[in-house]
Each structure stands twice: as structure tokens, then as C-alpha cells.
Amino acid sequence: MQAWRRAALWGMLAAKLWGGWGVTWDIQWHLLIGRDSFWIPPHLMTYSAVTIVVVLSLATLVRETLLALHSRPTPGSVRFLVLAGTRGTHLAWWGILITVLAAPIDDLWHRLFGLDVTLWSPPHLLGFLGSQLNSVGCLLLAVEAYPEGGRARSGALLLGGALFFGTFHLLLGTSILWAYEQGGLAFFYYPILGALLLPVALLPVARLRPIRWTAAVTVVLAALLGLTAGGVSRLGFALVQPEPALEEAIARDPTSPIAKAYQMARENGRPVVTYTGRARSTLWALPPAAALCLVGVRRRPVLGSLAFALVYVAVTSWSLAQFPALRAGSLTVSEIAVGLVLVLAAAVAGGIIGRWIGASLAALAPNPAALTLAAKSGL
């Protein structure tokens, strides 16, 4: 049974990587092409990935349920709503089910409110929530399927952690547009969200893989995955060669996020899409992740999250200030003070959530003796 779980785990991780490439390409498709259809290639990539994750997680649960019905329950198996399986498999399945349920809600949202191009619509956030729960399930499944200290377990944790981190990082990008539109305190939205969300991904991975520089390695791997996503998008555009319909979309709604993105790009004097941009912005989190590693993850996770936030706000503020479009409005002393307080408050919240997730996963992980017994019995 362990071999089945391991195959399902790596299959889900590969599918999530494929789906992440599809989401990245989809964002760039909307920015460069402007048309929206269910059947565009990046949508097919994303939905095929979701389908694979659904099949693998459900098939694993069905297999373990059938074994339990024949009085051969597998080690670590629990029953929930008829289905039996490990806690990691359950979390992976119920998480991806939320993502599936978000699809018809998204369709209804478009019918009621028209086409939106923001990641922060309620149906999109629901889909991301399901994907992130599935990622947490994959992390737990990695420690259920492999004994501690093995290379396969370490690789699965790092890849799963990088995908978990990458999805949170993807959500940060919209806040740059908010800073451009609103100015003032909105300049801090990016580091506030980063201080809240990114430790939630880094702390659990570092807890499950107790090697000092795990958080920093996770960020580097996430940046490499972002670089490959840009390459896949570039190759996809070269192969498909879609016809742009962007000018009509901007003319119909000059206040849309896409129109604002192009306006900001013109002021910055650079293309609206750069295929290496995601990798570069991901690496903004590398010095903060190093600070997190230095302070410590297991004993001082909240303090480590605060160290992450302090370095992150310095790195991102300097990086964002290099964009001419974001230099127009200067921040007042009171806005800077409020922004820093909010960043630190977000860091505390992110540290507490990340610590809780990491501690929960560590508590749910089977002990090495149980994994050894399961391996010897062939389960």
C-alpha cells in the first residue's frame, strides 16, 4: 500500500506543477491576448491537472476503503464520510474537491458580474484555498509514505513546500496594482500580505524537514519553478500563436485591471509581462527566509516570522521603489509607521498559523517504527 501512496503523492505533485504552469500562462494570456474562453490552452492545462489530482486522491481513498471493508485496514487509516484512508490522503481529496466546487461558482460569478481578471475574486480565492489544502495534504502524505531522513521524503517535502509557497506568492502580485492605484499606505500591501502568507508555507515545511536552511532552499526551488513556468508560457505562445484582442477589451473598460496594468507598464518603461519576473520577485523572499532560518523555526517560529517580515519589508520596499510608476506619491511618516505596525502584526499572525499547521502535521505524522513495520509487511 505504501507503494500506491507514494505513486499517488508524486503523481499529485507532478499534476500540481503542471497546473501551476497553466495558471501562470493563463495570467499572461489574459494580459497579452485579452480573450477569455474555457477552451484556451492554459485553461486546459489547469483543469487537466485538477482532474489528475482528483482521480489520484479519490482512487487512493477508494482502494484503502475496499481494503478496510475486507478486514484489511492499512496502518494509519481513518474513516470519514464512508471513505477510509490516511489523514494526508483525506486532506488531499477534500481540498481538491473544494477547488472543483469553485469552478461552477466561478461560472455563476462571471454570468452575474461579467468577466473579471483578478485573482482576488471570491470563486478564485475558494479555488486557491482548496489547492492549498491539497498541498498541505501532500506534505502530510509525504511523511506518511516515507520514513524520516530519506531522500525521497525530503524531495517530496521540498517540492510540495515550493508549490505551497508559490501559490501564496502568486497572490501577492495584485497588491502591486493596488499600490499603483491607491498610493500611500497601499505601498505596504505587498509586504503585509507577504508577512502574513509566506511564513504559513515556510514554517510547516521547515518543521517537517528539520534541516536549518530548509526555508531558504524552499524559496530557491519556488523561484526555479517560477522560471520554468515563464519558459512554458513563452513556448506555449510560440506554438499556439493566438491572435491578440486586447485593444478592444481595454477600449470597452479602460478602468479594468488589465488597462491599469498596461498604464503602469508604460510608466515603468517595461513590458507588462516578463517571463522571468515571477522568479525574480520570488527571490525577494530569499534574504527574509535566511533570517527565518537563522532565528530558528522549531523553537522560535513567531520570532522567526517577525525576522522574516522585517527583512522582507526592507527588500520589497527597495525593490518596488525601483518602479517609476510607484514613485509618484511619497509616504508620510504616519503612513510608514502604520505600515510597519501592520507588517509586524501580519507576521505574528502568519507565524502563529504556520506554527500551528507545522505542529499539527508533525503530530499527525506516523512514528518511524510504524512506517518500518508497514514497509516490511508490504502495506
Side-chain angles (χ1 to χ4, degrees), residues 13-32 41-42 45-46 49 119 128 131-132 135 155 157-177 179-180 189-191 193-195 197-202 205-206 213-239 261 264-265 268-293 308 311-323 325-326:
L13 290 176
K16 289 174 72 68
L17 178 58
W18 174 258
W21 289 342
V23 170
T24 300
W25 188 15
D26 185 45
I27 294 171
Q28 296 175 353
W29 184 287
H30 288 303
L31 286 171
L32 294 175
M45 287 180 64
T46 303
L119 292 176
F128 280 121
S131 176
Q132 293 298 71
S135 292
L157 287 173
L158 286 174
L159 178 56
L163 293 169
F164 191 32
F165 177 92
T167 300
F168 277 136
H169 183 267
L170 186 66
L171 290 171
L172 304 184
T174 303
S175 61
I176 298 178
L177 190 59
Y180 171 70
Y189 288 174
Y190 192 96
L193 287 172
L197 298 177
L198 300 185
V200 173
L202 294 177
V205 182
W213 299 104
T214 291
V217 174
T218 301
V219 172
V220 172
L221 181 56
L224 291 175
L225 296 182
L227 192 63
T228 62
V232 169
S233 300
R234 185 197 297 270
L235 178 61
F237 281 127
L239 292 175
M264 184 172 68
N268 288 329
R270 62 183 68 186
V272 70
V273 167
T274 57
Y275 295 103
T276 60
R278 181 179 173 188
R280 287 199 301 269
S281 61
T282 301
L283 287 176
W284 293 352
L286 183 55
L292 173 65
C293 296
F308 177 96
V311 179
Y312 195 67
V313 71
V315 172
T316 57
S317 295
W318 182 87
S319 300
L320 293 176
Q322 306 309 305
F323 294 96
L326 298 179

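Start at 1 with the first residue, then count along the sequence. For clarity, every value in this text was computed on a predicted model and none was experimentally measured.
The shortest heavy-atom contact between Ala279 and Ala223 is CB-O, 3.3 Å. Minimum heavy-atom separation, Ser281 to Tyr190: CB-OH, 4.1 Å. Closest heavy-atom contact between Val205 and Ala201: CG2-O, 3.3 Å. Nearest heavy-atom pair across Ala15 and Ala49 is O-CB, 3.1 Å. Here the closest heavy-atom approach between residue Gln28 and residue Ser233 is recorded as OE1-CB, 2.8 Å. The two residues Val311 and Ala291 make their nearest non-hydrogen contact at CG2-CB, 3.8 Å.
A search for ring-ring contact (aromatic ring centres under 6.0 Å, His included) contacts involving Trp25 returns Trp29, Phe237, not counting sequence neighbours. Scored by the side-chain contact (heavy atoms from CB on, under 4.5 Å) test, Val272 finds Leu31, Leu32, Ala261, Tyr262, Ala265 as partners (sequence neighbours excluded). Legend: residues meeting side-chain hydrogen bond (donor to acceptor under 3.5 Å, both in side chains) with Thr274, ordered by chain and number and at least two apart, are absent.
Taking the side chain as every heavy atom from C-beta outward, Trp284 and Leu320 approach each other to under 4.5 Å. Residues Thr214 and Leu158 have side chains in contact (heavy-atom distance under 4.5 Å, counting atoms from C-beta outward). Looking at heavy atoms from C-beta onward, Leu202 lies in side-chain contact with Phe308 at the 4.5 angstrom threshold. Between Phe165 and Ser135 there is no side-chain heavy-atom pair separated by less than 4.5 Å. Looking at heavy atoms from C-beta onward, Leu159 lies in side-chain contact with Leu225 at the 4.5 angstrom threshold. Side-chain contact between Leu326 and Ile176 is present, with heavy atoms from C-beta onward closer than 4.5 Å. Side-chain atoms of Ile27 and Val273, non-hydrogen and from C-beta on, never get closer than 4.5 Å to each other. Between Leu171 and Leu193 the shortest side-chain heavy-atom distance does not fall below 4.5 Å.
Rounded to the nearest 0.5 angstrom, Asp26 CG and Met45 CE are separated by 10.5 Å. Note that CG of Leu198 is 11.5 Å distant from OG1 of Thr218, once rounded to the nearest 0.5 Å. Residue Ser317 holds its OG atom at 11.0 Å from CD of Gln322, rounded to the nearest 0.5 Å. To the nearest 0.5 Å, the span separating OG1 on Thr282 from CG on Leu227 amounts to 10.0 Å. Note that CG of Leu163 is 9.0 Å distant from CD of Gln132, once rounded to the nearest 0.5 Å. Taking CZ of Phe164 as the reference point, atom CG of Leu157 lies at 12.5 Å (rounded to 0.5 Å).
A donor-acceptor pair under 3.5 Å is formed between the side chain of Asn268 and the backbone N or O of Met264. Checked by atom type and distance alone, the side chain of Lys16 never pairs as donor or acceptor with a backbone atom of Gly160 at under 3.5 Å.
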Quick one: do Leu283 and Leu286 satisfy side chain to side chain contact (heavy atoms under 4.5 Å, CB included)? Show the steps, please. CA-CA 5 Å; Leu283 287 176; Leu286 183 55; 4.3 Å; yes
Steps toward side chain to side chain contact (heavy atoms under 4.5 Å, CB included) verdict (Val219, His169): CA-CA 10 Å; Val219 172; His169 183 267; over 6 Å; no
